[in-house]
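Structure record follows, encoded as structure tokens.
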Amino acid sequence: MNLHHIPFLAGLDDASANAIAANMISLAIPGGRQLFAQGEEGDGLYTLISGSIGISTRDPLTNAVHRIARLHPPETIGEMALLSAAPRSATATALRDSHVLRLTRTAFEAV
């Protein structure tokens with residue numbers, strides 16, 4: 001895989017991109033399973049390699065779900081989790097079987 005096709009690695013030199021990529025964990029996410037939920041602690045980001053991810057929020061007053069986006073490869077999800085310990089602002093759900101690369105905040109900080 002060409003690492004420079006991953007949006008958040010695109011502007012980095014090869015050594016930096018390779019160092020970050022070496023710390024990414026490959027995960028298979030079955031369709032229907034959540035990657036993370038609104039309100040959870042943000043502890044890492046995900047880069048979509050294949051499949052499709054839906055982003056939604058739940059209104060705390062009405063409990064209504066609002067669909068915000070449908071992501072396709074090679075989009076990155078949850079990048080704010082690398083910079084802030086703030087809770088997730090939305091829920092990310094695999095809309096079909098998907099493959100993602102996960103980078104934890106701890107691994108990012110170590111690089």
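- Under the 4.5 Å side-chain criterion, counting only non-hydrogen atoms from C-beta, D97 is not in contact with R33.
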(Q) Using the rule given for side-chain contact (heavy atoms from CB on, under 4.5 Å), can you reason through L71 versus I55, listing the C-alpha separation, both sets of side-chain angles and the distance that settles it, and then say yes or no? (A) CA-CA 8 Å; L71 305 180; I55 306 297; 3.8 Å; yes
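- In plain terms, the two heavy atoms of S84 and A86 that are nearest each other are OG-N, 2.9 Å.
- If you check the side chains of T91 and R58, you find no donor sitting under 3.5 Å from an acceptor.
- The side-chain heavy atoms of L101 and Y46, taken from C-beta on, include no pair separated by under 4.5 Å.
- Rounded to the nearest 0.5 Å, atoms OG (S50) and CZ (R96) are 7.0 Å apart.
- One distance of note links CG of L103 with CD of E79; it measures 11.5 Å at 0.5 Å rounding.
- Hydrophobic cluster membership differs between M80 and I68, with clusters built from Ile, Leu, Val, Met, Phe, Trp and Tyr side chains linked at under 4.5 angstrom.
- Heavy atoms only, all atoms of each residue included: L95 and G54 are closest at CG-N, 3.4 Å.
- Under the side chain to side chain contact (heavy atoms under 4.5 Å, CB included) test applied with I53, the options T93, L35, I29 reduce to a single match, L35.
- In plain terms, the two heavy atoms of E75 and R70 that are nearest each other are OE2-O, 4.3 Å.
- Atom CD1 of residue I77 and atom CZ of residue R88 lie 9.5 Å apart, to the nearest 0.5 angstrom.
- Residues S52 and H72 meet the side-chain proximity criterion, which asks for heavy atoms closer than 4.5 Å.
- To the nearest 0.5 angstrom, M24 atom CE is 7.0 Å from I49 atom CD1.
- Residues L48 and T76 are not in side-chain contact: their nearest non-hydrogen atoms beyond the backbone lie 4.5 Å or more apart.
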Q: For side-chain contact (heavy atoms from CB on, under 4.5 Å), just list the numbers for H99 and S26, CA-CA rounded to whole Å, side-chain angles, deciding distance to a tenth of an Å, and then say yes or no.
A: CA-CA 7 Å; H99 174 214; S26 179; 2.6 Å; yes
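- Residue F108 qualifies as open at atom CZ: its count of foreign heavy atoms under 6.0 Å is 12 or below.
- Scanning both residues, L12 and S16, for their nearest heavy atoms gives CB-CB, 4.1 Å.
- Of the possible donor and acceptor atoms, one in the side chain of R105 sits under 3.5 Å from a partner among the backbone N and O of A81.
- T57 is not listed as a side-chain neighbour of V65, based on a closest heavy-atom distance of 4.5 Å or more.
- In this structure, F8 CZ and L82 CG are separated by 7.0 Å, a value rounded to the nearest 0.5 Å.
- With hydrogens and angles left out, the side-chain atoms of S56 and H66 include no donor and acceptor closer than 3.5 Å.
- Here the closest heavy-atom approach between residue P73 and residue G51 is recorded as CD-O, 3.5 Å.
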